[in-house]
Amino acid sequence: MTPEDAPAAGASPAGGPGSRPLRLPVKQLLLVLGVVATAYAAALLVWGDSPRASLARLGSWTGVQAVALCLLNYLLRGLRWRLWMAHYGRHFGWAKGLRLYLAGYAFTPTPGNIGEAVRGLMLARQPLGAGQSLAIFGAERLADLLCLLLLCLPAAWWVLTHGAVRAAPLFLAGLVAAAVLVAAILLGLVLRYRATLRYRFAWLKEAWHCLAVRPLTWFALTLTAWAAQGVALWLISRDLAVHLPLLTATGFYALAMVVGALSALPAGLGGMEAVLTGLLVAQGATAGEALTITVLTRLLTLWLAVAIGVVALLYSAAIRKEISFR
């Protein structure tokens with residue numbers, strides 16, 4: 001047995017190459033959910049004002065810049081995943097690591113994005129054990145939550161200084177306040193009782209070990225990645241003559257993402273859109289402008305990733321033979 005074939009330290013027997021951790025119809029369920037979520041996105045696009053005109057904006061210089069920022073988000077988060085995979089002895093080149101990471105986006109439209117947890121399980125050679133794959137997924141979500149909460153601060157300041165709580169519908173203000181509070185409490189509880197949680201949940205202990213690997217690196221990658229998509233929202237808003245400060249736009253996006261994540265709906269569908277549209281209307285945008293901005297933002301920050309993920313998944317499985325569905 002060569003060192004390359006040896007299992008990584010701490011690997012469970014279930015993670016061996018001969019095991020089949022996906023015997024249950026998990027993949028079929030994920031594909032069904034993905035189709036349903038895609039149909040939802042298409043309906044949302046048709047519902048918006050002048051969908052063709054909205055899509056045409058993606059071909060403008062502003063649209064190109066927004067696409068580039070979203071691609072930067074995928075790249076930076078891919079580097080973060082590659083860093084944590086190396087922690088388990090899976091060392092990939094830049095191109096291969098990014099391709100395998102992007103393939104996981106094909107399963108993003110699942111409740112809580114849990115479908116992305118299969119990235120390590122689907123590797124054709126040296127797949128991760130279920131606990132290790134969940135550990136990386138948990139580390140990703142904790143890192144995302146921390147950085148998104150930090151990016152929410154400008155939106156919180158905007159709420160306090162612009163009377164947005166009074167201007168917004170009561171249910172929206174309550175939803176946003178509750179979501180931020182719940183997210184902060186959850187993060188605080190994880191930090192406060194991390195020793196107990198790590199003892200009771202082995203995968204969470206492993207997730208904490210992932211977060212201990214070069215923390216400044218993953219923090220910088222994560223914060224920059226989510227800020228880039230916030231800037232994309234700002235560019236789209238400016239192109240539609242909805243003017244708001246850059247930090248406020250980033251805060252709006254982060255706040256909507258937190259609410260969507262806590263809804264546990266596939267990719268936060270519905271919750272994220274409702275909050276972002278409501279915040280933009282409270283800022284002064286018309287309902288049509290706010291909905292158009294929201295749809296374009298979701299196309300770039302979610303559905304572009306899903307489309308790229310499907311291509312990367314098929315290419316990695318059918319041509320490169322790096323991913324196995326068995």
Hydrophobic cluster identity match, F137 and V258, side-chain contacts under 4.5 Å: yes
Residues forming a side chain to side chain contact (heavy atoms under 4.5 Å, CB included) with A227, sequence neighbours excluded: L151
side-chain hydrogen bond (donor to acceptor under 3.5 Å, both in side chains) partner of Y88, the single match among H209, E206, Q126: E206
Remaining members of hydrophobic cluster (4.5 Å side-chain criterion), W61: V64
Distance in Å, L296 CG paired with T292 OG1, rounded so as to fall on 0.5 Å steps: 6.5 Å
Transitive ILVMFWY side-chain link L233 to L150, under 4.5 Å: yes
Atom pair CG (L121) and CD (Q132), whose distance is rounded to the nearest 0.5 Å: 9.5 Å
Candidate pair R90 and L128, rule side-chain contact (heavy atoms from CB on, under 4.5 Å), full reasoning: CA-CA 9 Å; R90 275 63 170 183; L128 292 182; 3.6 Å; yes
Inter- and intrachain pairs under side chain to side chain donor-acceptor pair (under 3.5 Å), touching residues 243-259, at least two apart: Q229-Y253
Contact list for residues 224-239, test salt bridge (charged side-chain N to carboxylate O under 4.0 Å, His left out), sequence neighbours left out: R57-D239
Shortest non-hydrogen separation from F92 to R82 and the atoms involved: O-NE, 2.8 Å
Min side-chain heavy-atom separation F107-I114 under 4.5 Å: no
Heavy-atom closest pair, residues A312 and A103: CB-N, 3.8 Å
Shared hydrophobic cluster for V67 and I293 (ILVMFWY, side-chain gaps under 4.5 Å): yes
Selection residues 219-230 - residue pairs positive for salt bridge (charged side-chain N to carboxylate O under 4.0 Å, His left out), sequence neighbours left out: none
Separation of L280 CG from L244 CG (nearest 0.5 Å): 7.0 Å
Sole residue of T222, T217, L216, L223 in side-chain contact (heavy atoms from CB on, under 4.5 Å) with F219: L223
Hphob cluster co-occupancy, W234 + V281, side-chain heavy atoms under 4.5 angstrom: no
Check against side-chain contact (heavy atoms from CB on, under 4.5 Å), L79 and W94: CA-CA 8 Å; L79 293 177; W94 287 57; 3.8 Å; yes
Residues clustering with I319 (ILVMFWY side chains joined when closer than 4.5 Å, directly or via others): Y315
Pairing residues for A317 by the side chain to side chain contact (heavy atoms under 4.5 Å, CB included) criterion, not counting sequence neighbours: I323, F325
Nearest-0.5 Å distance, CG of residue L302 to CE of residue M257: 8.0 Å
Distance (rounded to the nearest 0.5 Å) between T294 OG1 and L276 CG: 4.0 Å
Cluster link V295 to V275, ILVMFWY, side chain under 4.5 Å: yes
Pairs touching residues 106-115 that satisfy salt bridge (charged side-chain N to carboxylate O under 4.0 Å, His left out), sequence neighbours left out: none
Which donor-acceptor pairs under 3.5 Å do side chains of residues 68-78 form with protein atoms, sequence neighbours excluded?
{"from": "N73", "atom 1": "OD1", "to": "R77", "atom 2": "NH1", "distance (Å)": "3.0"}
{"from": "N73", "atom 1": "ND2", "to": "A225", "atom 2": "O", "distance (Å)": "2.7"}
{"from": "Y74", "atom 1": "OH", "to": "L300", "atom 2": "O", "distance (Å)": "2.6"}
{"from": "Y74", "atom 1": "OH", "to": "A305", "atom 2": "N", "distance (Å)": "3.4"}
{"from": "R77", "atom 1": "NH1", "to": "Y105", "atom 2": "OH", "distance (Å)": "3.4"}

Atom pair CD1 (I308) and CG (L313), whose distance is rounded to the nearest 0.5 Å: 13.5 Å
Salt bridge (charged side-chain N to carboxylate O under 4.0 Å, His left out): pairs with one or both residues in residues 99-112, sequence neighbours excluded: R99-E322
Heavy-atom pair of closest approach, residues S133 and G120: OG-N, 3.6 Å
Residues forming a side chain to side chain contact (heavy atoms under 4.5 Å, CB included) with V213, sequence neighbours excluded: L83, W84, H87
Contact summary for G138 and A207, nearest pair of heavy atoms: C-CB, 4.3 Å
Minimal non-hydrogen separation, R119 against Y101, with atom names: NE-O, 2.7 Å
Residue pairs, two or more places apart or on separate chains, that pass side chain to side chain donor-acceptor pair (under 3.5 Å) and touch residues 137-147: R80-D144, R141-D144, D144-W226
Heavy-atom pair of closest approach, residues L235 and A66: CD1-N, 4.2 Å
